[in-house]
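Before any comments, here is the structure.
Only a predicted model underlies this, so the values are computations on that prediction, with no experimental measurement involved. Residue numbering restarts at 1 for every chain, and letters A, B, ... go by the order of the sequence lines.
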Protein chains: 2
Amino acid sequence: MAYTIKDVAKRAGVGIATVSRVLNESPNVLPETRARVLAVIDELGYRPNHAARQLVTAKTNAIAIILPFLTRPFFIEVLRGIEAVVANSEYQLIIFNVDSPEQRTRYFNTLPFLGRTDGLLIVSLPLAPPEIKRLQAANLPAVMIDTQASNLPSVVVDNVGGAFKAVEHLISQGHQRIGFVSGQLEPDLGFTVNRDRQRGYEAALTAHHLPIQAEYVRAGFDRRDWGHQAALELLDLAEPPSAIFAANDDLAFGIIDALRERGLKAGDDLAVVGYDDLEMAQLIGLTTIHQPMEQMGRKGAEVLLAALNEGTRRPTLHTLPVNLIERTSSTKPSKV
Amino acid sequence: MAYTIKDVAKRAGVGIATVSRVLNESPNVLPETRARVLAVIDELGYRPNHAARQLVTAKTNAIAIILPFLTRPFFIEVLRGIEAVVANSEYQLIIFNVDSPEQRTRYFNTLPFLGRTDGLLIVSLPLAPPEIKRLQAANLPAVMIDTQASNLPSVVVDNVGGAFKAVEHLISQGHQRIGFVSGQLEPDLGFTVNRDRQRGYEAALTAHHLPIQAEYVRAGFDRRDWGHQAALELLDLAEPPSAIFAANDDLAFGIIDALRERGLKAGDDLAVVGYDDLEMAQLIGLTTIHQPMEQMGRKGAEVLLAALNEGTRRPTLHTLPVNLIERTSSTKPSKV
DNA sequence: ATGAGCCATGGAAACGTTTTCAAGGCATCT
DNA sequence: AGATGCCTTGAAAACGTTTCCATGGCTCAT
C-alpha cells in the first residue's frame, strides 16, 4: 500500500537506519545525506507508520480524558482548556464520557485506554484507592482535575471557600435567612462539589452567628428544574428566606425562573447568588462565584504534559482561586 | 514488562497461534483448549498489545472528529450525539478542534489522523475538492455533518427551508418589515449556514411579495454582541423593522438584550425569531427553529460506523428535519 | 481396510519501525 | 608512518501480534 521506510531507503540509496535517523532528527547524519533522504520522503509522500513506531517505542502520543456529563457547561469549559493545551503538543486527545456509575465502573475496571494512551486526565470523578493503585501499577501517569487524590497531581478550586464568599456576601447585604439549593450531596458518581459548597454555606452562617436551619437546605438534583421546584418550596415556607445561594448557576437559573412565575424579581424581592459564572449568568445579571473552568483544564493538561515530558511525577496540589462577581441578582433588598 | 502472548502460550502449553485464535474468537478451537487459555489469560491479567495488533491488522479502532469552536453549544450537542454512539461501539474517539483557518489548513494538509484512525467525522467544515481527493486517496472513510460534499456521505439539515419557515411565521403574524441579523456570510472557515439562512429569508419574502431591503440585512459576526449592535442599528433606521429574524439563537439573545436596553420587549414591541433552539431559548421564551443537533451527531456517527463495519460507502445525503418552536418572542404585534 | 477430507494445532513469516552493534573512512596526534 | 578515535553508516535484532501453511489425528465413506 503506502510507502515504507524501506522504499525510502532504497530510493535514497541509504540504509533504513539512516532514514530512521533523519526521521528522528538524530544529529549524526551528514547534511547531504539528510537532504537526499528528505527529498525522497517528500517525493514519495512517505509517512511513518504509527503502529510500528508505537510497537517499538511503547509510546502512543495520545492522552485520554475521562469526564462525566459532556453536556454540562462546566465540563465543556474544562475540556476546552485541555484541548487548547493538548492541540499545541504532539499529543492527541481521546475522550471518554461517563454518564452512569456502571460506565464509570467499567472504564476503571477494564481500563480501555491502557496501552492506547500515555497519560490520563480525570475530571471531577473521585477515584477509590484500589483504582488509583491499578493506574499506578499500569504505570499510567494521571492528573486529577476538579477532584483530588492524595498520591496523584490534582488541580482543584476551593469550593468551600467559594461558597463561604458567596454566603458572606449575602450576609453583608443584610440577609439573615439564607436558603441553600443544590444537587445531591452524595451523588452516584461521587462528586463532592455540592457537599463542599454546603460546608462553605454552613461555615459562613456559623462565622456570622447565624443559625443553620434544615428547612432552608434543599438538596435534590443537578438540574434546572430542581432549582425551580426548590425555590417554590422555599417561598412557601412560613418564614421564607430572603436570599438563596445556589450550588451552581444552572440551579440559580431555575430559581430565577420560579421567582418570575410568582411575579417576583431576583435582586429586588429575593437575592440569588449562583456558582460557576456561566456565560448566561452575565446576560441575566446573576451574582455568582466565578471559577476558572477553562483554566483548570489548561492547568491540568500542562501538569500532565510536564509529567510526560520531564518525568516529573510529584503529586502536587494546585488550587486555583475563585472570586465573587457581583451583579444585580443580589442587590440590597428593600426590607430585611 | 507486561505479559505477552508468548507467556500465555507457554503457560497454557499451547502455541501462540492458538492463543491468538482464542483472543479473536476463532471457531476452530476445542472448548477445553479455549478454557485453559482463558484461565491463563485471566490469571496473568494479560492484555493484548494494541500497537502490535494494529501493525498487522492495519486497523486502529479509533475514529477522529474534526469540529470547529468547541465552545459553541451547537458543536457541543453534535459532539454529544457522536460520543453517545461511538461509546457503544468498539471505537475510541479522538477529537480535533479547529479554531482558525490556519489550523484548518494545517489539519487537512498534514492529515495528522492518517494512520491513527479508521474513519473521520467532519463537522460543519466544508472541504475543498482537492482535500476530499486526498482523503479518498488515503482510503480514509469520512462522513460530513452539517456540511455537504457530493462524493461523501453527508448529514445535514435544511437551513434554507428552516429560515423560510421562520420568516414565513413572522409574515403570517402580520409583519411586513423584517430584519435579518447574521454572522459573516462568507466566513474564514467556509461555513455556509449564514448564507443559506439568508437565502431562506429572501425566498420567504419573495414568496410573499415583500421587497428585499438591503438596509434590513445585517451580516456581521457570530457573536452575541453583534446581535446587540445590529439590533440597535436596525432600531435607529428611519423606518425600523417590526420583526427580526436572527440566524442563530445567540444573536437573538443579543438582540433581546438590546431591546431591553431601549425599554422594549421582544414579542410586545418587536418580534424576534432565532435559530438553533438552544436550552436557553426556552428559558427566555424565544421563538426559534429547532434543529436536531444531537441527532445529527448520532446519525453521522452511525453512518460512519456502518461504513466501517459493512464497507458501505455510498455518498448518501441524509437531511434531517427542522421545525418552528413558537414562543412568546414572536406574538402578534400591537401595531403592524 | 484404506483413502479422502476435515479439524485442531503449532511453527514461522510478516507487519514497519527503532535501536544496538559492528565496521569502515577519515582526520589527528605521536 | 602508524595508531587512535570519532563520525557516519548499514545489517540485523527486537517489539507483539495475526495469519499462512503444514502436519498429524481422526472420522467417514467406499
Side-chain angles (χ1 to χ4, degrees), chain A residues 1-41 44-62 90 112 114-118 138-139, chain B residues 1-41 44-62 90 111-118 138-139:
Chain A
M1 287 272 85
Y3 292 108
T4 73
I5 199 173
K6 246 184 216 163
D7 301 315
V8 175
K10 192 179 297 178
R11 189 146 186 149
V14 300
I16 60 167
T18 300
V19 178
S20 177
R21 272 184 279 260
V22 170
L23 251 24
N24 294 287
E25 285 161 8
S26 153
N28 296 339
V29 178
L30 238 36
E32 54 259 37
T33 315
R34 173 186 313 273
R36 189 151 33 100
V37 171
L38 285 176
V40 173
I41 287 177
L44 296 184
Y46 162 77
R47 318 196 61 196
N49 178 303
H50 282 287
R53 191 172 263 185
Q54 274 179 41
L55 178 57
V56 42
T57 59
K59 204 167 173 286
T60 65
N61 280 318
E90 53 185 336
L114 208 64
R116 308 206 56 151
T117 57
D118 296 332
N139 201 29
Chain B
M1 283 272 89
Y3 292 109
T4 74
I5 201 174
K6 246 185 218 164
D7 300 316
V8 176
K10 191 179 297 178
R11 188 148 187 149
V14 299
I16 59 167
T18 299
V19 178
S20 177
R21 273 185 279 262
V22 171
L23 251 23
N24 295 287
E25 284 159 10
S26 156
N28 296 339
V29 178
L30 279 190
E32 54 259 38
T33 315
R34 174 185 313 269
R36 190 150 32 99
V37 171
L38 286 177
V40 173
I41 286 177
L44 297 184
Y46 162 77
R47 319 196 62 195
N49 178 303
H50 282 284
R53 190 172 264 186
Q54 275 179 42
L55 179 57
V56 44
T57 58
K59 201 166 177 289
T60 64
N61 280 318
E90 54 186 336
L111 300 179
F113 26 80
L114 207 64
R116 308 207 56 151
T117 58
D118 297 330
N139 201 30

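Rounded to whole angstrom, the span from the CZ atom of B:Arg34 across to the C1' atom of C:dA8 amounts to 12 Å. At whole-Å resolution of the value, CZ in A:Arg53 and P in C:dT19 are 10 Å apart. Rounded to an integer number of Å, the gap from A:Asp7 CG to C:dT17 C1' is 13 Å. For the pair A:Leu23 CG and D:dT9 C1', the computed distance is 16 Å after rounding to whole Å. Rounded to whole angstrom, the span from the CD1 atom of B:Ile16 across to the P atom of D:dC20 amounts to 15 Å. Straight-line distance from the CG atom of B:Leu55 to the P atom of C:dA13: 17 Å, rounded to whole Å. Going from atom NE2 of A:His50 over to atom P of C:dT18 covers 11 Å, rounded to whole Å. Computed from coordinates, the A:Ile5 CD1 to C:dC15 P distance equals 14 Å when rounded to whole Å.
Among the nucleotides C:dT17, C:dG10, D:dT8, the one closest to any side-chain atom of A:Ala52 is C:dT17.
Close to D:dC15, at under 4.0 Å from its OP1 or OP2, lies no side-chain N or O of B:Thr4. For B:Asn49, no side-chain nitrogen or oxygen approaches OP1 or OP2 of D:dC15 to under 4.0 Å. OP1 and OP2 of D:dT18 both lie 4.0 Å or more from every side-chain N or O belonging to B:Thr57. Taking 4.0 angstrom as the limit, B:Asn28 places a side-chain polar atom (N or O) nearer than this to OP1 or OP2 of C:dA8. In this structure, B:Tyr46 reaches the D:dT17 phosphate: one of its side-chain N or O atoms is under 4.0 Å from OP1 or OP2. The shortest distance between the side-chain N/O atoms of B:Thr33 and the OP1/OP2 oxygens of C:dT9 is below 4.0 Å. Between A:Ser20 and C:dT18 there is a side-chain polar atom (N or O) within less than 4.0 angstrom of OP1 or OP2.
Between the A:Arg47 side chain and the B:Leu111 main chain, a donor and an acceptor come within less than 3.5 Å of each other. Here the side chain of B:Thr117 pairs a donor or acceptor atom with the backbone of B:Phe113 at under 3.5 angstrom. The main-chain N or O of A:Asp118 is found under 3.5 Å from a side-chain atom of A:Thr60 such that the two form a donor-acceptor pair.
If you take CZ on B:Arg53 and CG on A:Leu55, they are separated by 13.0 Å, rounding to the nearest 0.5 Å. Summarising the geometry, atom CG belonging to B:Leu23 is positioned 10.5 Å from atom CZ belonging to B:Arg34; distances are rounded to the nearest 0.5 Å.
The nearest heavy atom of DNA chain C to B:Val56 and to B:Pro27 marks one nucleotide each, and the one closer to the 5' end goes with B:Pro27.
Within the nucleic acid shown, B:Gly115 has no heavy atom closer than 4.0 Å to any nucleic acid atom.
One can find a donor-acceptor pair under 3.5 Å joining the base of D:dG10 and the side-chain atoms of A:Arg21.
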